[in-house]
Every structure is written in structure tokens, then in C-alpha cells.
Amino acid sequence: MGLMTQDQYVESLRDGRVIFWDGDKITDPPSHPNFRVPIEVAKGDYDYDNPEKRDIITYETEDGELAHRVFQVPRTEADLQARIKLAHNMSMVGGVTGVYMALLSIKDEVAQVNPRYAENIEAMYRYARANDLRGAEVITDAKGDRSRKAHEQDDPDLYLRIVERNNEGIVVRGAKFHISAGSLVHELVVMPTKGMRQDEADYAVSFSIPVATPGVKMINRSFAPAALNEFDYPASSHHSCPEALVIFDDVLVPWERVFLAGESQLATVFARSLGLWERTMGLVAAAESAEMLVGAAQLVTEMQGKERNIAAQNTIAELVCYSEMIKMGLDYACKHYEKTPGGMIYPNVLAVNAAKYYYAANYHDMIRNVHDLGGGLVLTQPVEADLRHPEAGPYLRKYMHTRPDVDVEERMRIYNLIRDYTADAYGGWHQVTTLQAGGGLVAQRIMMNQLFNMEGAKKKAKRAAGIREK
């Protein structure tokens with residue numbers, strides 16, 4: 001099929017998928033108002049006619065075909081940097097399609113257990129690339145009582161499981177939570193949420209199926225209402241993207257689409273593979289948002305005439321340090337990349353986890369700093385409709401004035417940006433996803449403890465203390 005046009009992408013969503021959202025059952029997403037902004041966001045990944053983006057979002061495959069760069073397997077540092085640049089120019093729909101890189105990164109390990117599964121991974125990747133499809137990362141189970149294993153739950157379906165194996169494939173039942181952009185992609189790429197023991201073998205399952213597969217249903221939630229004013233909601237009005245609870249109601253998965261079906265020793269390998277690329281892409285977004293927040297903090301400070309205030313300067317310096325540390329962590333991870341046996345390179349795993357931990361653990365303190373600089377107007381500033389009102393508007397222009405070189409409307413826009421991005425619709429989503437996307441802080445702590453060269457550090461400490469090795 002080759003590269004899709006934006007119109008073809010929109011039409012591809014008319015495939016009979018079943019979605020519930022705000023009490024509506026939606027079978028034709030492009031015609032529903034809730035999808036207006038999300039589809040506009042997703043269409044940007046198919047903007048191949050834009051000469052400024054074409055080289056960023058496309059590459060030439062080994063077969064000489066043009067494909068979206070989200071499918072390019074990094075084999076050099078330049079390839080890896082091109083992928084980072086792409087992430088700065090891609091929607092969440094493109095971002096979650098990085099799930100194919102996760103699968104390819106473990107293909108060699110999978111082949112050692114079951115070569116058929118490894119072949120399926122390669123074939124699925126090539127199929128998605130050739131048809132310019134997008135795939136969602138489908139990993140987090142309902143989990144039920146967290147103190148019990150998957151097979152010990154009151155309801156055995158609280159973790160996605162295999163309920164039948166036959167000549168055609170496997171039949172699965174269960175649900176997956178927090179599936180970003182699930183309703184906007186073409187393929188649902190399922191992985192186990194954690195390592196599984198031998199007695200949990202039916203829960204060690206991975207596969208890819210079309211979103212419109214019989215038995216698949218999605219219940220959506222978004223951080224923003226369908227129609228928001230751009231003046232009052234400068235972030236939410238442009239970035240809305242639904243999260244889905246995906247239900248698998250006895251879904252048949254053909255064998256050629258299965259990547260794991262009971263080999264519990266591989267469950268941890270699959271579960272961990274996704275974290276690296278998701279955290280890497282999260283760092284790209286973090287670097288962008290942190291720099292923007294520094295700019296917003298500086299502007300709101302200048303607009304109040306406080307740019308020479310020592311306390312304000314100190315607070316902004318903290319924000320600058322936060323922003324630069326994220327960028328340096330991402331840069332280090334890419335420059336000190338690692339490599340699979342098959343020649344695929346990927347960011348340094350320890351560096352990515354450390355940088356993601358720093359970003360997430362300090363995010364809320366940085367938001368506190370921005371709020372401290374902005375003050376109460378972050379929440380109480382009136383809306384655009386009042387600014388445009390013939391009677392209320394003049395009062396706002398009079399009392400929102402600070403000095404001659406500050407435009408009142410621009411000042412209001414900066415406050416709206418801070419509120420929307422940190423304390424309202426988009427901000428609420430950010431507050432949670434900063435911690436939870438790619439695994440919570442505990443997940444990064446575990447990875448850092450496992451990957452850090454602790455023996456080397458202990459030897460250095462012993463040498464410094466004058467302890468000789470026995």
C-alpha cells in the first residue's frame with residue numbers, strides 16, 4: 001500500500017471498530033465530535049506533502065521504498081538521533097507505534113525459545129511498515145488484588161489470558177488499561193504486564209490484532225472536553241488524545257500474529273522491552289515541555305516587572321537546571337548507546353531510566369515553582385468571553401495592566417498556558433502521566449539498581465578507604 005495520505009488515514013478509522021465514549025457507542029470515529037481534535041493531531045503524522053517535515057518523518061527502506069521513520073531500525077548513532085528528531089515532530093499516535101522497536105529489540109531472545117514467534121514479530125513489523133499502520137502499546141492489566149498472582153484472583157480474567165488454543169490460533173479474554181491513542185491506531189500490540197511464573201503460563205501472552213477484530217471493545221476517556229476555546233485552553237484544545245480501556249471478549253488471534261503463548265520465561269523480557277522506548281520518547285516530550293515552562297515562567301515574571309527580583313531569578317534558575325538535566329540525560333543515553341546481537345542500537349538503558357526518574361521525581365516541584373511565580377491569577381483569571389464583552393472587557397484591560405510594554409491579551413494568554421498546562425485539563429493529565437507513563441518511580445528504581453555497576457562502585461569505595469582486596 002505504501003504511505004497513506006491524511007484523508008486515507010481518516011478513512012482507515014472507518015473499519016467497524018467499537019468504541020464507547022461519554023455514554024455514546026461510536027462505530028464511525030471521524031463523524032463524532034469527540035474525535036475532531038484527536039484525529040487532527042494524529043493526521044500530522046501523515047503530513048508527507050509538507051516539504052519541511054518530509055525528510056524528518058520518512059526514510060528509505062532496505063528495499064528502496066519510502067516509509068515513515070517510526071519504522072526505521074536504528075543501526076548507527078545518526079539513525080538514533082534521527083529518531084529523536086522525529087519524536088519532536090510526532091503525535092502520541094506515532095509515539096506509541098514505537099512498540100515495534102520494542103518487539104524487534106527482543107526478537108533474538110525470542111528466537112532462542114520459539115523461532116516461529118520471532119518470525120511473526122519480523123513479519124508483523126514489515127506488514128505495519130508496508131501499509132503505514134500505527135500500533136498501540138497494550139500492556140497494563142486490570143490486576144485486581146495486587147497482593148495475589150494472576151491465577152489467584154477472584155476473577156481469572158483480571159489479567160489477560162489464553163482461554164483456548166486451537167488450529168487457528170489462541171482465544172484470549174481480559175482487559176488492558178491506560179491505552180493511549182488506542183482508538184486512533186490500526187493495530188493493538190499486546191504484551192504481558194509483568195513477569196509470569198510457570199503456573200501463570202496462560203497469562204504469558206503477546207500478539208497483535210487489528211482494532212476492529214470481533215470481540216474487541218474500547219471505553220474511552222480524555223482529559224479534555226470535545227470543544228475547547230484555544231484562547232482559554234491553548235494546550236488542551238490542540239493536544240487532546242483519548243485513553244482507552246480495551247476489552248478482549250473471547251478474541252481469536254491467528255497463530256501468525258502470536259508472539260508469545262505460554263512461554264512464561266519470556267514474559268519478563270517482553271514486559272521490560274517496552275519500557276525503554278516509551279521512557280526514551282517520554283524524555284523527548286519532557287525536554288520540550290520543560291523548556292517551554294522555563295519560557296512561560298520567565299515571561300510571567302517579566303510581565304509583572306519582577307525580572308530583577310532575586311527570589312524570582314533563583315526560582316527560574318532551578319527551572320533552567322531541571323530543563324538542562326533532562327536534555328543532558330537524553331543526550332548521554334543516545335551517545336552511549338547499546339546494541340542487540342542483530343545490530344539494532346538503542347539508548348543506554350541505565351541512563352534512560354535515571355533521566356526518566358529525575359524528570360518524574362522532580363516534576364511536581366518544578367510546577368510548584370511555576371505556580372509560585374505566576375500567583376493566584378493562574379486559577380482565577382477570567383476567560384476570553386469576558387475580555388471580549390463590551391462592558392466587562394474594559395475593566396479587564398484596565399486592571400490586568402502592569403506596564404506599557406505588556407499587552408494585556410498576551411499576558412492573559414501566558415496565564416492561560418500555565419493554568420491549562422499545569423493546573424487544568426491537560427495539566428491534570430500531565431501530573432499523573434509524568435509519574436506513571438513507562439512505569440512508575442518504583443519501576444525506574446528497580447531498573448537502576450539492577451543495571452548500575454555496583455561492584456565497581458564498591459571497589460572504588462574500598463580503595464578510597466584503604467581496604468585491600470583479599
Side-chain angles (χ1 to χ4, degrees), residues 22 34 36-37 221-241 243 285-286 288-320 322-323 359-360 362-436:
D22 287 346
N34 281 21
R36 182 184 63 81
V37 173
R221 177 71 185 261
S222 177
F223 58 78
L228 285 175
N229 176 326
E230 182 273 337
F231 185 96
D232 297 319
Y233 292 89
S236 301
S237 62
H238 295 296
H239 299 296
S240 176
C241 188
E243 312 279 345
E288 287 274 351
S289 65
E291 189 171 353
M292 183 276 292
L293 285 174
V294 172
Q298 181 66 28
L299 284 169
V300 81
T301 300
E302 291 175 359
M303 288 174 171
Q304 297 175 81
K306 294 170 60 178
E307 64 268 29
R308 295 182 181 177
N309 179 280
I310 295 300
Q313 289 178 350
N314 289 341
T315 300
I316 289 173
E318 287 190 36
L319 290 164
V320 170
Y322 177 70
S323 175
Y359 157 56
N362 292 282
Y363 178 77
H364 297 83
D365 285 343
M366 294 304 105
I367 296 306
R368 178 202 64 198
N369 287 338
V370 175
H371 290 170
D372 188 37
L373 291 168
L377 275 176
V378 167
L379 285 181
T380 66
Q381 174 180 273
V383 298
E384 183 186 21
D386 295 313
L387 178 65
R388 309 299 179 202
H389 191 276
E391 187 175 350
Y395 287 112
L396 283 178
R397 294 188 182 278
K398 175 180 174 66
Y399 291 109
M400 286 291 292
H401 172 81
T402 58
R403 58 191 195 190
D405 62 337
V406 176
D407 182 88
V408 167
E409 186 166 321
E410 289 181 2
R411 186 183 181 212
M412 291 181 70
R413 284 182 179 274
I414 293 297
Y415 272 111
N416 282 339
L417 172 66
I418 293 173
R419 189 209 71 256
D420 190 22
Y421 209 90
T422 68
D424 208 319
Y426 192 64
W429 179 83
H430 243 300
Q431 294 272 2
V432 177
T433 57
T434 295
L435 287 176
Q436 301 300 338

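All values below come from the heavy atoms of this structure, side chains included, with hydrogens, waters and symmetry mates left out. Since the structure is predicted, the reported quantities are computational estimates derived from the model, not experimental observations.
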Search all heavy atoms of [X] against all heavy atoms of [Y] and return the closest pair with its distance.
{"X": "Thr301", "Y": "Ala312", "value": "CG2-CB, 3.9 Å"}
{"X": "Asp424", "Y": "Asp420", "value": "CB-CA, 3.8 Å"}
{"X": "Glu384", "Y": "Asp232", "value": "N-OD1, 2.9 Å"}
{"X": "His401", "Y": "Lys398", "value": "CB-O, 3.4 Å"}
{"X": "Pro382", "Y": "Met412", "value": "O-CE, 3.5 Å"}

Would a 4.5 Å heavy-atom cut-off, applied to side chains only, mark [X] and [Y] as touching?
{"X": "Val370", "Y": "Met366", "value": "no"}
{"X": "Val383", "Y": "Asn229", "value": "no"}
{"X": "Glu230", "Y": "Arg413", "value": "yes"}
{"X": "Val37", "Y": "Leu228", "value": "no"}
{"X": "Arg397", "Y": "Glu409", "value": "yes"}

To the nearest 0.5 Å, tell me how far [X] [atom1] sits from [Y] [atom2].
{"X": "Ile367", "Y": "Leu319", "atom1": "CD1", "atom2": "CG", "result": "8.5 Å"}
{"X": "Ile414", "Y": "Asp407", "atom1": "CD1", "atom2": "CG", "result": "11.0 Å"}
{"X": "Arg368", "Y": "Asn362", "atom1": "CZ", "atom2": "CG", "result": "10.0 Å"}

Exercise. Within the side chain of Tyr322, is there an N or O that forms a donor-acceptor pair under 3.5 Å with the backbone of Tyr359?
Worked result: yes

Exercise. Backbone N or O of Leu373 within a donor-acceptor pair of the Gln304 side chain at under 3.5 Å?
Worked result: yes

For this session: Sequence neighbours left out, what passes ring-ring contact (aromatic ring centres under 6.0 Å, His included) with Tyr415? Give chain and number order.
Result: none

Problem set entry | Exercise: do Asn416 and Arg419 side chains pair donor with acceptor under 3.5 Å | yes

Problem set entry | salt bridge (charged side-chain N to carboxylate O under 4.0 Å, His left out) against Arg411, all qualifying residues, sequence neighbours excluded | none

For this session: Please list, chain by chain and in numerical order, all residues satisfying salt bridge (charged side-chain N to carboxylate O under 4.0 Å, His left out) with Asp386, sequence neighbours excluded.
Result: none

For this session: Just do the side-chain contact (heavy atoms from CB on, under 4.5 Å) check on Phe231 and Leu387 with the steps written out, would you?
Result: CA-CA 11 Å; Phe231 185 96; Leu387 178 65; 3.9 Å; yes

For this session: Kindly determine whether Met303 and Arg403 satisfy side-chain contact (heavy atoms from CB on, under 4.5 Å), including the steps that lead there.
Result: CA-CA 8 Å; Met303 288 174 171; Arg403 58 191 195 190; over 6 Å; no

Exercise. What do the steps show when you test Tyr421 against Ser236 for side-chain contact (heavy atoms from CB on, under 4.5 Å), and what is the final call?
Worked result: CA-CA 8 Å; Tyr421 209 90; Ser236 301; over 6 Å; no

Exercise. Is the number of heavy atoms from other residues, nucleotides or ligands within 6.0 Å of CZ (Arg221) greater than 12?
Worked result: no

For this session: Please state whether the rings of Tyr395 and Tyr399 are parallel, tilted or perpendicular, taking 30° and 60° as the class boundaries.
Result: parallel

For this session: Please identify each residue that fulfils side chain to side chain contact (heavy atoms under 4.5 Å, CB included) with Glu288, with sequence neighbours left out.
Result: His88

Exercise. Among all residues two or more places apart in sequence or in another chain, which pass the side chain to side chain contact (heavy atoms under 4.5 Å, CB included) test with Gln298?
Worked result: Glu302, Glu307, Ile316

Seminar exercise, completed: For residues 369-380, the side-chain hydrogen bond (donor to acceptor under 3.5 Å, both in side chains) pairs (sequence neighbours left out) are Glu318-Asn369, His371-Thr422

